[in-house]
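Just so you know, residue 1 is the first one in the sequence shown, and it goes up from there. Just so it is clear, the structure is predicted and the values come from calculations on it, not from any experiment. When reading the values below, keep in mind they use all heavy atoms of this one structure, side chains included, and skip hydrogens, waters and symmetry mates.
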Amino acid sequence: MRERRTILRLASFAVFALMTAACTGTPNPSVAEETDRQIRDMMVAGYSDIDSVYIDEKDLGELAFSSLEQLSLLDPSVALRHDGSQISLLVDGNVMAIFETPDAHAAAEWGVLTAGYIDVALRSSDALRQIDDEKLYETLFQGIVTRLDAFSRYAGAQRASENRASREGFGGVGVRIAVEEEKVRVISVMHYTPAERAGVVADDIITHIDGLTVDGMTLDQIVQKLRGPVDSRVILTLLRGEATEPILVALKRDHVVPETVVYERDGDIAIFRIYGFNAETSETFERELERARDEIGSGISGYVLDLRNNPGGLLDQAVEVADLMLEEGRIVSTHGRHPDSHQYFEATSGDETDGKPIIVLINGNSASASEIVAAALQDTGRAVVVGSNSYGKGTVQTVLRLPNDGELTLTWARFHAPSGYTLNDLGVLPTICTADENIDPAALIALLGSDKLPPIPTVWRNSVTPGDTVGLQALRETCPLRRADQPADLELAIDLLHNPALYRRAIQLTGEPTLTVSSEPQLPEATQP
């Protein structure tokens, strides 16, 4: 009976609101009803997702108040007043509707209330009626996510589509382009893509797509014309170098996932730069590892894994990348409010680097998934980490699709390094600190050789609590984060890999943290960030 009474109560509010606003200019009733339904569906979905999976329990009423208050940014004459168990909608100081507030966790009821409130606001405000739906959703959800955390966010349908393309790929030809001096230049060509197979090369100038000139097109418009359904065809007209005659290239679009791994060789050392973690990062990394082994041979001295300026990405891909370099042990665990957020990821046997030395490079822009990899390799004694304190983004986000094909990204867990410490607000402390921009690699090597480099404060790091902001900040100051690339990082890494004795000394600076072994059962993988 309670559910039925709630529905009747909310319905009565809607009737009151319509009567109150009847004297104002109103949109077509059928349009108004459709708008009301869409807003209701959007807000019910948003509130329900937050109530179910967000890492901390939230009062949905506070989120709804914050959301609806944002309407004043679109029309300053619209205001919200909260008085105990009621909220009122005011326009130019006049009360247009009064709503009784539901329970703090009644997601569906808050969604209906929000839709009813906005329905009256639209009927009462000419300015609001001029706002398109997406702008309205962005405004409403901005008010919500500002009450959550820095990593929870809303993306409209177009931005969400671009986000999914970055994570999962898209139908395309495999080129990176830029509009420079009114010309569309190919910046680079991705490996194993239609463009590479067709012979497109960097610095080619695209003049036409399917016979249509690109003159006057924006970068987004050009990208959309290059993309399309997998197996569909597109014809590019190119200018190359000093050639005076254009080149016609016919391409069949394929599923393209942006490249995130770049391999280069420095003598007997393989260097891999990973720029992010998308759906194919681990597969690409494994393929490039094999390429490096084939190219360098058994005399390979070691590997450099460059994670500087890597903002992160998919959790499962970070786990798989770390697993390629580990024989056993914990990689990462995650913990939040939702039961499914408690997960433990263990390495499987098979080290694709054959136990060779590994140096990981990080800086203040290394975050999230890149911190998972760095912490796992460091904690298990598998790698020496060189650089500065990393960003400290130790939370996992889940991406939830909304009725408008937008996305609500919510923080739902914190992740913990193999030895149990939380990376959130702390990050990874490097084994060898190069935070000083004037650092001398040779001086660091000398200090390491004479056992004068300080070890990682492992006991302190693993005992500080997540809420101890003073302790966390003090730890971070032991090697302050540096956002710029430091040339000394790579120089030091190569020197260490050429000196096995010094590398072993550096490994010992990590200490011997006791690895956390949970008695809880393995849980299935959660929705990835």
Check step by step if salt bridge (Lys or Arg N to Asp or Glu O under 4.0 Å) holds for Arg337 and Asp56. CA-CA 7 Å; Arg337 182 168 62 95; Asp56 298 319; over 6 Å; no
Side chain to side chain donor-acceptor pair (under 3.5 Å), that's the test. Do Asp149 and Thr411 meet it? Break it down for me. CA-CA 8 Å; Asp149 66 284; Thr411 297; 2.9 Å; yes
Apply the test ring-ring contact (aromatic ring centres under 6.0 Å, His included) to residues Phe272 and Phe285: give CA-CA distance (whole Å), side-chain angles for both, the deciding distance (0.1 Å), then the verdict. CA-CA 8 Å; Phe272 302 92; Phe285 182 53; 5.3 Å; yes
Step by step, work out the side chain to side chain contact (heavy atoms under 4.5 Å, CB included) result for Arg293 and Glu352. CA-CA 10 Å; Arg293 290 196 304 269; Glu352 296 297 320; 3.7 Å; yes
Side chain to side chain donor-acceptor pair (under 3.5 Å), that's the test. Do Thr353 and Asp351 meet it? Break it down for me. CA-CA 5 Å; Thr353 57; Asp351 178 359; 2.5 Å; yes
Yes or no on side chain to side chain donor-acceptor pair (under 3.5 Å) for Tyr263 and Glu295, after CA distance, side-chain angles and deciding distance? CA-CA 11 Å; Tyr263 157 69; Glu295 186 177 291; 3.0 Å; yes
Kindly indicate, with the supporting measurements, whether the criterion side chain to side chain donor-acceptor pair (under 3.5 Å) is fulfilled by Arg414 and Thr395. CA-CA 4 Å; Arg414 294 181 179 88; Thr395 56; over 6 Å; no
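At a threshold of 4.0 Å, the pair Asp254-Arg197 counts as salt-bridged, since one of the basic side-chain nitrogens sits closer than that to a carboxylate oxygen. For the pair Asp49 and Arg401, the salt-bridge criterion is not met [side-chain N within less than 4.0 Å of a carboxylate O]. Of the charged side-chain nitrogens involved, none lies within less than 4.0 Å of a carboxylate oxygen, so that Arg159 and Glu134 do not count as a salt-bridged pair. Note on Arg273 versus Asp485: salt bridge recorded, some NZ/NE/NH1/NH2 to OD/OE distance being below 4.0 Å. Under 4.0 Å is where a charged nitrogen must lie from a carboxylate oxygen, and between Arg291 and Glu288 at least one such pair does. Salt bridge annotation for Arg382-Glu327: absent, with no cationic side-chain nitrogen under 4.0 angstrom from a carboxylate oxygen. For Arg287 and Glu290, the salt-bridge test fails: no basic side-chain N is under 4.0 Å from an acidic carboxylate O. The pair Asp204-Arg185 does not count as a salt bridge, with every side-chain nitrogen at least 4.0 angstrom from each carboxylate oxygen. In this structure, Asp379 pairs ionically with Arg461, as a charged nitrogen and a carboxylate oxygen lie closer than 4.0 Å.
Judged purely by atom type and a 3.5 angstrom limit, Gln221 uses its side chain to pair as donor or acceptor with the backbone of Thr218. Remark: the backbone N or O of Ala484 is paired with a side-chain donor or acceptor of Arg482 at under 3.5 angstrom. For the pair Arg253 (side chain) and Leu226 (backbone), a donor-acceptor distance under 3.5 Å is present. Side chain of Ser390 to backbone of Val428: a donor-acceptor contact under 3.5 angstrom is found. With hydrogens and angles disregarded, no donor-acceptor distance shorter than 3.5 Å links the side chain of Asn424 to the backbone of Phe415. For the pair Arg240 (side chain) and Ile247 (backbone), a donor-acceptor distance under 3.5 Å is absent.
Taking the six-membered ring for Trp and thresholds of 30 and 60 degrees, Phe151 and Tyr391 have ring planes more than 60 degrees apart, a perpendicular arrangement.
The heavy-atom pair separating Ile55 from Gly336 by the smallest distance is CG1-CA, 4.2 Å. Taking all atoms of both residues into account, the shortest heavy-atom contact from Thr237 to Pro246 is CG2-CB, 3.7 Å. Here the closest heavy-atom approach between residue Val304 and residue Ile269 is recorded as CG2-CG2, 4.0 Å. Contact detail for Thr334 and Ala413: the closest heavy-atom pair is CB-CB, 4.1 Å.
Contact of the Pro457 side chain with the Leu429 side chain is registered, since non-hydrogen atoms from C-beta on lie closer than 4.5 Å. Residues Leu492 and Ile432 meet the side-chain proximity criterion, which asks for heavy atoms closer than 4.5 Å. The closest side-chain heavy-atom distance from Lys183 to Ile206 is not below 4.5 Å. Side chains of Val385 and Leu377 form no contact here, defined as non-hydrogen atoms less than 4.5 Å apart. Counting heavy atoms from C-beta on, the side chains of Gln486 and Ile439 come closer than 4.5 Å. With contacts defined as side-chain heavy-atom distances shorter than 4.5 Å, the pair Pro441/Glu491 qualifies. In this structure, the side chains of Thr139 and Gln142 stay at 4.5 Å or more apart for every pair of heavy atoms. Taking 4.5 Å as the limit, every side-chain heavy atom of Leu305 sits out of range of all side-chain heavy atoms of Ile359.
For Gln158, the CD atom is loosely surrounded, since the number of other residues' heavy atoms within 6.0 Å does not exceed 12. Heavy-atom contacts from other residues, nucleotides or ligands closer than 6.0 Å to CD of Glu180 number more than 12.
For the residue pair Asn310/Asn365, the side-chain donor-acceptor check at 3.5 Å is not satisfied. For Asn278 and Arg167, the side-chain atoms include no donor-acceptor pair closer than 3.5 Å. For the residue pair Thr281/Thr260, the side-chain donor-acceptor check at 3.5 Å is satisfied.
Tyr344 has its ring centre less than 6.0 Å from the ring centre of His335.
Geometrically, Lys356 does not engage Tyr303 in a cation-pi contact defined by less than 6.0 Å to the ring centre and at most 45° from the axis.
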